[in-house]
Structures are given as structure tokens and as C-alpha cells.
**Student:** 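Here's a structure for you.
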Amino acid sequence: MKKDLVKILETAIQAMGVSALPQIDVEIPKSGAHGHVATTLAMGLAKALRKPPRQIAEDIVAAIKDNPQFEKVEIAGPGFINITFTSSYLHASLLQLLDGDTSMLRVDTGRGRRALVEFVSANPTGPLHIGHARGAAVGNALCNLLQESGFSVEREFYINDAGRQVLLLGESVFARYMHLCGFEGYTFPEEGYRGDYIEDIARAFREKEGDHHSQVVNEEGPQKGIQAAREFAYRKMLDLIRKDLDLFKVKPYDRWVSEKSLYDRGEVAGAISFLKDKGALYEKDGALWFRSTGYTDDKDRVVIKSDGANTYFASDIAYHKDKLDRGYDIIIDIWGADHHGYIPRIESVMRAFGYDSSRFRVILVQMVNLLKHGEPFQMSKRAGTFVTLSDVVDLVGADTTKFIFLTRKSDSHLDFDIDVVTAQSAENPVYYVQYANARINSILANAREKGLETNRFGGVDLSPLSAPEEMEIIRKLLSYPMVLEGAARSYEPHHITFYLQQLAGIFHPYYHKYKVVGDDPALTAARLALCAGIQKVLHDALTILGVTAPKRM
RNA sequence: GCGCCUGUAGCUCAGUCGGAUAGAGCAACUGCCUUCUAAGCAGUGGGUCAGGGGUUCGAUUCCCUUCAGGCGCGCCA
């Protein structure tokens, strides 16, 4: 719908002597009185052409109005051009949508560009919780969306396995292990992880290793044991994270990048010496600093501490250099919003390496404000009081949870009240959408039982579709590629969620008012085609969001 | 104190790079299952778009400012 229109408009304004083609915005007017689609093209051209917008609009209208696809072309207000399509054009377009594969629904926004999306990247020190779930839902949907919009997408998980946190994990597990072995006086680390899962791991560790680590502590110290516990626990945690993501139906990652391996392969040292050669590093107070104020940051940042240890930032430099070196056109990081202060320094790193920081894009996912009975529910991984992703999936379901996350802009605060979400689960918007899909499935099954065709619509005459509701549905279906395009351009999958609710919202009333499978064979065939079209789009959009489209409910 | 995000119906949130009469779900109330699935439909009520300035043909959208909430400002991760 948009593609056809843009082509016509471009031809028209080229003929008017506009050489530099602007991006042509096409919008669906809120009010039905303003046609099927509208463009502000004439208003946009007013400055360049130095003519009043209405006059430009008149010229454009004169050039396009005889096109057979248009029923009506009108100028309104300050220079809107409102266009009404003919029914036969809409019918023909629907037929194309039905006949073609999904490429009919796609806009090539990516044009083959390579995108790397890093998301979740939780510390391997505990199970995933509700906040990770939001990042996972957004990341997963965004990857699908970009993939379907002509990007070549790679999904990546960064594992912080080199820092203090995994060490603490090892110490915590080891302490529990010591207790299990009978050494109850062994001190548990001050800031150690206290969840039940630590005890489970300690038990498994003891099953595998026996008690011998505990027996040598007095002579050799705990170091070897802690080391072993750390390795063991860390692998268990990664398995757990994989399992949780799998449970949440997040598409598998293409790559898991270990922070430790960046050190082992010398990439951290390499990145640092590269920056040193460029003069982006300097020493002060015994530490090594990155001159990020030379770029967009408001403070310089320490890379190597005065005690000789690398900061977290050091490996992040190496990691992002590695991403750049791998040649992606777009590098997307999905972070919790509490890390937003980190953006300028990573941008600075990119520029220090000589890359345009506009290739780098951070999508901030706001914190999930977890509530129970309307009261804040404080989560702490260390204290062991938190609601895990797997709890939520058990309680609420993966589809519902994802859909809730995807009906919000990722950077808006979000209340997730366990009670409300659970209680309302039967009336959650996701069911409204899925129900439409299931209903259509029943209709088609019913038709098949009567020996009607429900798969191929090549030669079907759609002209019996003439009710206002039917024409509205057709236009809605034809606007789907516009929605995908807008969502992909802005990296905001939530637009798709809203579109789905709207589409379902016009289908259900239609279903009640009209009988699809009826006495009139021509009308029945046309309505079956319409339903198949709706189902095609519903299924496609739900799949992109990572939500299932059940056939019966 | 500085920086970022947020403030839209009772609640949770949309609002398409400035567009026409600001929307949805939930909650409340009233009706509808001998007819392809009632997780549905029809209807009712609900708004100084936090407040105040500015920019222009036109502002929920852009700029300034005030207020409120969240987050961040470490040789922590």
C-alpha cells in the first residue's frame, strides 16, 4: 500500500522538478473522514519550493489524481493530501498478500547491513530474574524484527566470568560446602550469595568432589577448593541461565563471549596498548586512565587500578573493540537503565578506536518494579530474595510475560504486580490476540469440513468483500509492512504489539456481526480469504515478538 | 549539586522523525451464548496530556523553566 503510493508520489514530484527526493511520510489518518492514507509531503516541500503548501498540494494532486488505484484524492487543511483507494485496488493488494510468501509483508530496512545485538548478559552468579526477563523479551523480539527487516543479525551473550562476582560465587559455594562437610564454623563471605540455589550447588559439588577439599583447608588453605568450587558453580550457573532462557523461549544465541577468554587471548592487553599508542591513555596516581573527556564523557576513567588490577571497564574496552573489528554495521547493546551512565564512556572508546560512535546504539531497558499485593517487593540476589524468571514463567507463562514487556516502550518504568498479572492472566491482551488467531483457525477448519478451499486463494474473486468492516480489515492488513518498518527503524518492537491488538480489535466485532461460512459460495470464498489474510499477519507478527500462536484455546 | 529517564482517563500504558476530533487494556455499570470458540460482542461514564512560558499556520510531540518520581555520578561490578 505504502510502496505503491510512494512510487506514484515520487514520480509526480520528480516531474515537478524536485531533484532531491525527500523521504515520503505516509500516515494512516485517525479520522475516517480524511481518507485511507494521508501525506504531509506538500507541507514538507513548501520550504524547498518556496511556494505555499496548498499550491504544491494542488500540483501534486493534479499529477496523480487520474491514477486508477485512487478513488479520491483531496486536499485538506494546510496541505494534507488525503487519498482514498478504490476497492478493486485493495482487493488486488490483499490477493497479493495472500499469495506471496512472507516477503510480501517485508520492507527491506536493513539492506543487508550486519547487526550485532548483545542482550541479557547476566552475571553467572544466580538464576535470571524478572529484570533479565524484560531484557530477554525485548532483545529477542528486536533481533527477530531486524532479521525480518533485511538485517543480518547475530545474537550475543557476554559472560562476566573474570571479575569479583564469580569469585564471590565460588567463595559462597565453597563456604556452604564446608558447612555440609561438617565444618560449620567456616565463615561465610560477608557479601556472599545467600540464595537456596547456592546450597544446591554446594551439594552437587560435594557429590562430585567428595569431602577432600574440606580436609586440606587447614594445611593448604581454602584457595584450591574455592577455585574448584568457582569453576563448578560458574558452569552450573551458565547451564541454569541457558535453561531459563530456553524456558522463556528465547531463540538461542549465536555466540557466548567469555570475558575471561578476552584476557586469555590477550585482547585486553592488545586493546590497551592500542589506545596507549594513540595517546588516549595516561598515568596518574599510579593508575592508568582513559582520556574519555576527549570525547563525550564528563570524566576520565580508570582502566588499570594502582594495585595493578584491571577494572571491569578494561575488558569492556577489549570487548567492544572486538565487536568493531568483527565489522558490524550496527552494534546494539541492551542494558538495564541503571547503566545509562556507562554510555558516554563506551562511545568514547569507539571513537578512540577511530569508529563513528553512531554505529553503536544502546537500548535501555528500565527496571521492572516488582510488586506483590500492590507493595514493592525488594529483590536482592545476594540476600536470596528475588523472583526468578522461571518462577514467573511457571506462574504467568512465557507468552503473557513477553507480551506485557512488549506492550511498553523499553525505557519506561514498569510495574509488574505478580498478583495482578496472575489474576488477570485470563484477560490479558495477549489472549485477545491469540484468541483471534484460534478463532480463525476454527472457521477455516469448519470450512474445510465442508470441502471448501482454505489454503490457496489465487483465483478467488474478492469483490464480494464490500462491508465497511471488511474494507477496514483489508486496509489494516495492508498497513502491516508500515508498522514493521517503523518498528525496525526505531528499534522499538512494541509498535507491533499495539498493531496486533488493533487488528484483533477489528476482527472480533466482525466475527460477531458476519458469518464467514454461509450460503453464498462466492461471498464465503472471499471471506475465507480475508480470514486467512488476518491469520497470516497475526501469526507473522506474533512470531516476530516471540509469542506463540496457538491453534485452539 | 550535575547528568539521564519518566510524568497522558481511577489503575497500567500507547500516541507513528510537529499534524486534523488524544487512544487501548484493566477496573465500574447495563445487556448478549439453540448460529463458524463468550479468553468474545454491543453500550455507558471517565482527560486543565504534571504546572508555567516560548518557537509557528498548528505542540501530548521541539526549546526553556518549576514541581514530582526513578536511576546514575568509585582506582565497585
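Each chain gets a letter, A, B and so on, in the order its sequence line appears, and its residues count up from 1.
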**Student:** side-chain contact (heavy atoms from CB on, under 4.5 Å) with D520(A): which residues, sequence neighbours excluded?
**Tutor:**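 side-chain contact (heavy atoms from CB on, under 4.5 Å) check on D520(A) returns A522(A), L523(A).
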
**Student:** Once side-chain hydrogen bond (donor to acceptor under 3.5 Å, both in side chains) is applied, do any residues pair with E485(A), and if so which ones, sequence neighbours excluded?
**Tutor:**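 E485(A) satisfies side-chain hydrogen bond (donor to acceptor under 3.5 Å, both in side chains) with K2(A), R489(A) once adjacent residues are dropped.
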
**Student:** Taking only the C1' atom of each, what is the distance from C76(B) to G19(B) in whole angstrom?
**Tutor:**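 Per the computed distance, 49 Å lies between those C1' atoms.
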
**Student:** Is there a side-chain contact between F498(A) and V483(A) (heavy atoms, below 4.5 Å)?
**Tutor:**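 Side chain of F498(A) against side chain of V483(A), heavy atoms only: no contact under 4.5 Å found.
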
**Student:** How does protein contact run along nucleotides 1-6 of chain B, one letter per nucleotide 5' to 3', with B for base contact, S for sugar-phosphate only, - for none, heavy atoms under 4.0 Å?
**Tutor:** --BBBS

**Student:** Using ring-ring contact (aromatic ring centres under 6.0 Å, His included) as the criterion, list what pairs up with Y435(A), not counting sequence neighbours.
**Tutor:**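 H508(A).
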
**Student:** Using a 4.0 Å heavy-atom cut-off to protein, can you give one letter per nucleotide of nucleotides 37-46 of chain B, 5' to 3': B if the base is in contact, S if only the sugar-phosphate is, - if neither?
**Tutor:** BSBBSS----

**Student:** Starting from P on A14(B), measure out to CZ on F403(A) and report it in whole angstrom.
**Tutor:**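 Rounded to the whole Å, the gap is 14 Å.
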
**Student:** Got a donor-acceptor contact below 3.5 angstrom from the N428(A) side chain to the T400(A) backbone?
**Tutor:**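 Not a single qualifying donor-acceptor pair exists.
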
**Student:** Based on the glycosidic angle (syn within 90° of 0, else anti), state the conformation of C49(B).
**Tutor:**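 Anti, which is what one calls it when the glycosidic angle falls more than 90° from 0.
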
**Student:** In whole Å, I'd like the distance from the CD atom of E27(A) to the P atom of U61(B).
**Tutor:**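 Rounding to the nearest Å, CD of E27(A) and P of U61(B) are 17 Å apart.
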
**Student:** In this structure, which stretches of RNA chain B are paired as stems of three or more consecutive Watson-Crick or G-U pairs, both distances less than 3.5 Å?
**Tutor:**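 Only these stems qualify: B:1-7 with B:67-73, B:10-13 with B:23-26, B:28-32 with B:40-44, B:50-54 with B:62-66.
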
**Student:** If the C1' atom of A50(B) is compared with that of U8(B), how far apart are they to the nearest Å?
**Tutor:**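 That atom pair is separated by 10 Å.
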
**Student:** In whole angstrom, give me the gap between the C1' atoms of A38(B) and C57(B).
**Tutor:**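 Pairwise C1' distance, A38(B) against C57(B), rounds to 50 Å.
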
**Student:** Please identify each residue that fulfils ring-ring contact (aromatic ring centres under 6.0 Å, His included) with H340(A), with sequence neighbours left out.
**Tutor:**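 ring-ring contact (aromatic ring centres under 6.0 Å, His included) check on H340(A) returns nothing, list empty.
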
**Student:** Any protein N or O atoms within reach of nucleotides 56-60 of chain B? Criterion: under 3.5 Å, listing atom names and distances.
**Tutor:**
none

**Student:** If the C1' atom of C49(B) is compared with that of G15(B), how far apart are they to the nearest Å?
**Tutor:**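 It works out to 11 Å between them.
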
**Student:** Say we look at G54(B) and A14(B): how far apart would their P atoms be, to the nearest angstrom?
**Tutor:**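 These two P atoms come out 30 Å apart once rounded.
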
**Student:** Quick check for you: among C36(B), A20(B), G15(B), whose closest atom lies nearest to any side-chain atom of N82(A)?
**Tutor:**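 When the side chain of N82(A) is considered, A20(B) is the closest of C36(B), A20(B), G15(B).
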
**Student:** Taking the six-membered ring for Trp, does F80(A) stack with G19(B) (centroid gap under 5.5 Å, planes within less than 30°)?
**Tutor:**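 F80(A) ring does not meet the centre or angle cut-off for G19(B); no stack.
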
**Student:** Using the P atoms only, state how far G47(B) lies from G53(B), rounded to an integer number of Å.
**Tutor:**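 Straight-line distance between the two P atoms is 22 Å.
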
**Student:** Taking the six-membered ring for Trp and the single ring otherwise, decide whether the centroids of F157(A) and F119(A) are under 6.0 Å apart.
**Tutor:**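 Here the rings of F119(A) and F157(A) have centres that are no less than 6.0 Å from each other.
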
**Student:** Expressed in whole Å, how much space separates the C1' atoms belonging to U44(B) and U66(B)?
**Tutor:**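 Roughly 39 Å separates the two C1' atoms.
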
**Student:** Can you name the side-chain contact (heavy atoms from CB on, under 4.5 Å) partners of K284(A), sequence neighbours left out?
**Tutor:**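 By the side-chain contact (heavy atoms from CB on, under 4.5 Å) rule, K284(A) matches Y282(A), W289(A).
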
**Student:** Holding to ring-ring contact (aromatic ring centres under 6.0 Å, His included), I want the full list of residues that pass it with Y499(A), two or more places apart in sequence or in another chain.
**Tutor:**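 ring-ring contact (aromatic ring centres under 6.0 Å, His included) check on Y499(A) returns Y480(A).
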
**Student:** Check whether any side-chain N or O of H34(A) sits under 4.0 Å from OP1 or OP2 of U21(B), and answer yes or no.
**Tutor:**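 False: H34(A) side-chain N/O out of range (4.0 Å or more) of U21(B) OP1/OP2.
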
**Student:** Mind checking ring-ring contact (aromatic ring centres under 6.0 Å, His included) for F151(A) and listing every partner two or more places apart, or none if nothing turns up?
**Tutor:**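 Expected list: none.
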
**Student:** Pull out every protein N or O sitting under 3.5 Å from an N or O of nucleotides 75-77 of chain B, one pair per line with the distance.
**Tutor:**
unit_1	atom_1	unit_2	atom_2	d
C75(B)	O2	S306(A)	N	2.7
C75(B)	O2	S306(A)	OG	2.8
C75(B)	N3	S306(A)	OG	3.2
C75(B)	N4	D285(A)	O	2.9
C76(B)	OP2	K305(A)	NZ	2.7

**Student:** Please report the distance separating the P of G7(B) from the corresponding atom of U12(B), rounded so that it comes out in whole Å.
**Tutor:**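 The same atom, P, in both gives a distance of 12 Å.
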
